[in-house]
Amino acid sequence: MVSFFCKVFIFLFFFLVLMSGREFFVSRYEQLGWKYRPVKLRQAIRFNCANIKSQDLISRLSCLGLNLEKISFLPHGYWVCDSSVSAGATAEYLLGLYSVQEAAAQIPVILFTDLKGKTVLDASAAPGGKTVQLADSMDNTGSIVAIDINKRRLTALTNHLERCHVKNAVVYQIDARNSPKLGLKFDCVLVDAPCSGNFASDPMWFQNRTLQDVERNARVQREMLMKAAECLTDDGEIVYSTCSLEPEENELNIDWALHRLDLQVAEINCTGTPGLTNIFGKQLDPSVACCRRFWPDPTQGFFVCKLVRRHT
């Protein structure tokens, strides 16, 4: 006779199998209004304009055989059309004149109203692409507190800041869920939350992810949002982003924040599709539509939202 515990184990095993895999997630995407298709991401770079003028850099890279196309929805982003050299191995890259940064990942920083002279928290900063972008947008004014829990990743972060000549950032190893312990209030908080990722940037994503992973990440992200709100000045802004397609980590988290934190969604002028307001039959706050969702192609999957304090 099969023991009770064996039956429970068998049930949990098959339950987790059902809650994972390509078919499961593809079915979810179709329910959310997007039909799955394999995609090929386009490589993108971002000019660090504090270090060089755009036209000068375009000319220099063209001479190296790096042919670029302006990305219409980004102020300093370019597609790499074709190249006879690796974009991450040129002298110009090593000098910090540009960064190799996925196109959708360049969007969160440009959503802040104004960054110059501000006090900014980058709540999950490593490996540093968005921290460098923050500093560039600030023209190295104000101050950035860049934190990350992972000591190994902090090495990549500090190297990135040094390579790009960032002068206004300090780096701490701290969990974003402990950020109020810094004892500071911030004008702008970037919560580029650790997430489940998506299939466009990870060929093994469907095999390695389950709904249980997604829900676990969503709980951590909610804690990060809660602590970000505690650190925010009265007129401050939070930009929340993930590279996940899963609504638990995106629209459902924002809906949760609207009901439990003293925050409201701000309008943003941004490409992408409106945030979903009906998730598997659950009706969300209508303002969640002001968020932006990016289904893969030619960027990776992505989600962004801007939050401000609720004013009565």
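Note that this is a predicted model, so its numbers are computed, not measured.
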Side chains of [Y] and [X]: any donor to acceptor distance under 3.5 Å?
{"X": "Asp285", "Y": "Thr277", "value": "no"}
{"X": "Lys306", "Y": "Thr113", "value": "yes"}
{"X": "Gln133", "Y": "Gln101", "value": "yes"}
{"X": "Asp192", "Y": "Ser241", "value": "yes"}

Query raised in the report: For Cys195 and Asn217, which heavy atoms make the closest approach, and how far apart are they?
Result: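 So the two residues come closest at C-ND2, 3.7 Å.
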Flag if over 12 foreign heavy atoms under 6.0 Å of [atom1], [X]:
{"X": "Glu162", "atom1": "CD", "value": "no"}
{"X": "Lys70", "atom1": "NZ", "value": "yes"}
{"X": "Glu267", "atom1": "CD", "value": "no"}
{"X": "Asp82", "atom1": "CG", "value": "yes"}

**Report entry** Verdict with reasoning, Ser287 to Gln264, per side-chain contact (heavy atoms from CB on, under 4.5 Å)
**Finding:** CA-CA 8 Å; Ser287 68; Gln264 63 186 33; over 6 Å; no
Query - Pairs involving residues 93-120, ordered by first then second residue, that meet salt bridge (charged side-chain N to carboxylate O under 4.0 Å, His left out) (sequence neighbours left out) - result: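 Passing the test, one end in residues 93-120: no pairs.
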**Report entry** Beyond-backbone contact of Leu225 with Tyr240, side-chain heavy atoms, under 4.5 angstrom
**Finding:**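 A side-chain contact under 4.5 Å exists here.
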Query raised in the report: Is it true that Tyr36 and Phe199 have ring centroids separated by less than 6.0 Å?
Result: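 Yes, the ring centres sit under 6.0 Å apart.
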Requested in this report: Could you tell me if the ring centre of Phe294 sits under 6.0 Å from that of Phe303?
Outcome: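 No, they do not, as the ring centres are separated by 6.0 Å or more.
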Any ion pair linking [Y] and [X] (charged N to carboxylate O, less than 4.0 Å)?
{"X": "Arg209", "Y": "Glu246", "value": "no"}
{"X": "Glu69", "Y": "Arg42", "value": "yes"}
{"X": "Asp213", "Y": "Arg216", "value": "yes"}
{"X": "Arg293", "Y": "Glu251", "value": "yes"}

Requested in this report: Take Phe302 and Ser201 through the side-chain contact (heavy atoms from CB on, under 4.5 Å) test and state the conclusion after the steps.
Outcome: CA-CA 11 Å; Phe302 215 79; Ser201 54; over 6 Å; no
Query raised in the report: Stepwise, does the side-chain contact (heavy atoms from CB on, under 4.5 Å) test hold for Glu248 with Leu211?
Result: CA-CA 9 Å; Glu248 291 84 358; Leu211 186 57; 3.8 Å; yes
Requested in this report: Verify side-chain contact (heavy atoms from CB on, under 4.5 Å) between Leu161 and Thr131, making sure each step is shown before the conclusion.
Outcome: CA-CA 8 Å; Leu161 297 180; Thr131 318; 3.7 Å; yes
